[in-house]
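Only one structure is covered here, and it is reproduced in the block below.
Order of appearance sets the numbers: ligands from 1, and atoms from 1 within every ligand.
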Amino acid sequence: MNDNHYASAKEQYAALGVDTEAALETMARVPVSLQCWQGDDVGGFEKDAGPLTGGIQATGNYPGKARTPKELRRDLETALSLIPGRHRVNLHACYAELEGKKIERNAYTAGQFTAWVDWAKERGLGLDFNPTYFSHPLSADGFTLSHRDEGVRRFWIEHGIACRRIAADIGRRLSQTVITNFWIPDGSKDATVSRRRHREWLVQSLDAVFAEKIDPAFNRDAVESKLFGIGFESYTVGSHEFYLGYAASRQKIICLDAGHFHPTETIADKISSVLLFVPEVLLHVSRGVRWDSDHVVVLDDATRALMEEIVRGDYLGRVHIGMDYFDASINRIAAWIIGARSTQKALLLALLEPRERLRQFEDAGDFSSRLALFEEAKGLPAGEVWNEFCRRLDVPAGFSWMETVKKYERDVLSLRK
Ligand code: RNT
Ligand code: ZN
């Protein structure tokens, strides 16, 4: 019965020149990088960590957040078991396991991430990494790498250097590349006179962080811009122009976070421009809602357009898909799964687009047929291909995954007080 549904879908797509088998193969080999920080509201495990700062906020108090690395890993395993395919986990430096020792962030080493790496290795997961430039006394006044005080800048440069070394070490142990993403909160709430100086300091600091040559087989660096943060509304040192210029001139990966632009600005159209000038793109797939840049991803037009651009431009080999949102108002594991599956669905829809046919119409100047086919293609049975994808990878295709999450909530999460 189900097989027939897929077989019929396959035929309907084939009639438009779309190979569903090729789409399924691609789907099975494109990982998403799950953000560890969705599991504990960006808390991390440094014992004396204060509240979350840096202009980001996780609102809500849904019960059951992970309190220890073990809990977080177990939660991630549960989420990953309901997301079809083989994936990656994105770590932040503040998820270091310090075992009661007092170690400063500029002195972190791979030793603090051994348990994470062992775990990833055992499960065949890739890892990605982020230095943590927030929730720390030396970031309390809103500046880190672009701070006016040289000593503060030095501390954060050292943290960046330490993180690249940790990432390279992880990459060596896993025999694959770790992407290390640099995002800093630096900026101010109100009108700022010295915009220029902070940006000059930031260039110098980043150059110092990246001075050490590291084998790109094990670590590659990305830089992430932002429009504004909460409490940082008037000035963000690391703006889009800043990082696009930096990434292009230093050949770094540019990280595009879907929530970091003006409310009606989306990132889909940026892909084919930035990839002319930077080697690769890291996506922070997210959903901005008014002033929040980090709502759970859903299958919306912006996410669909993003994946369409990546597929149409044949960029899958140069784009890394990372998730970045944090919502503490719903079950945190469900949040991971909803966002990742929606991202995958957007990718599948893009792969199923009759793009050769559409391109032919476009090349022939037949825009009536192009628009007509865009609209007719929306009625094709993509859901059957998604179901087949999940079936082949042994993950529930439909809503029933929620039963597993609810059971986990009853048996595990509700016992965390
Ligand atoms: C913040 C950036 C950044 C963070 C993570 C936790 O606005 O999006 O990527 O979400 O580093
Ligand atoms: Zn981000």
**Asked** Is there an N/O/S atom in Asp294 at a distance below 2.8 Å from the Zn ion (ligand 2)?
**Response**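 No.
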**Asked** For Phe113, which of Phe129, Trp119, Tyr95 qualifies under ring pair (Phe, Tyr, Trp, His ring centres under 6.0 Å)?
**Response**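 Answer after filtering Phe129, Trp119, Tyr95: Phe129.
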**Prompt:** With backbone taken as N, CA, C and O and side chain as the heavy atoms from C-beta onward, which portion of His284 lies under 4.0 Å from ligand 1: side chain, backbone, both, or neither?
**Reply:**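 The side chain, only.
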**Request:** Show the numbers, then the answer: is there a side-chain hydrogen bond (donor to acceptor under 3.5 Å, both in side chains) between Tyr408 and Glu403?
**Result:** CA-CA 9 Å; Tyr408 188 75; Glu403 285 163 25; over 6 Å; no
Subset of ligand 1 atoms that lie under 4.0 Å from at least one heavy atom of [X]:
{"X": "Ile56", "value": "1 (C), 7 (O)"}
{"X": "Phe326", "value": "10 (O)"}
{"X": "Asp324", "value": "2 (C), 3 (C), 4 (C), 8 (O), 9 (O), 10 (O)"}
{"X": "Lys226", "value": "1 (C), 7 (O)"}

**Asked** Do the side chain of Glu362 and the main chain of Arg359 share a donor and acceptor less than 3.5 angstrom apart?
**Response**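 Side chain of Glu362 to backbone of Arg359: no pair is present.
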**Request:** Identify which of Glu224, His260, His92 has a heavy atom lying nearest to atom 5 (C) of ligand 1.
**Result:**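 Answer by nearest heavy atom: His92.
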Hey, are the side chains of [X] and [Y] touching, using non-hydrogen atoms and a 4.5 Å cut-off?
{"X": "Phe182", "Y": "Phe210", "result": "yes"}
{"X": "Arg220", "Y": "Thr180", "result": "no"}
{"X": "Leu202", "Y": "Asp186", "result": "no"}

**Asked** OD2 (Asp257) to the Zn ion (ligand 2) to ND1 (His284): angle, nearest 10 degrees?
**Response**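 Vertex the Zn ion (ligand 2), arms to OD2 of Asp257 and ND1 of His284: 110°.
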**Prompt:** How open is the angle at the Zn ion (ligand 2) from atom OE2 of Glu224 over to atom OD2 of Asp324, rounded to 10 degrees?
**Reply:**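 About 170° at the Zn ion (ligand 2).
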**Prompt:** If every non-hydrogen atom of Met307 is compared with every non-hydrogen atom of Leu347, which pair is closest and at what distance?
**Reply:**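 Result for this residue pair: CG-N, 3.6 Å.
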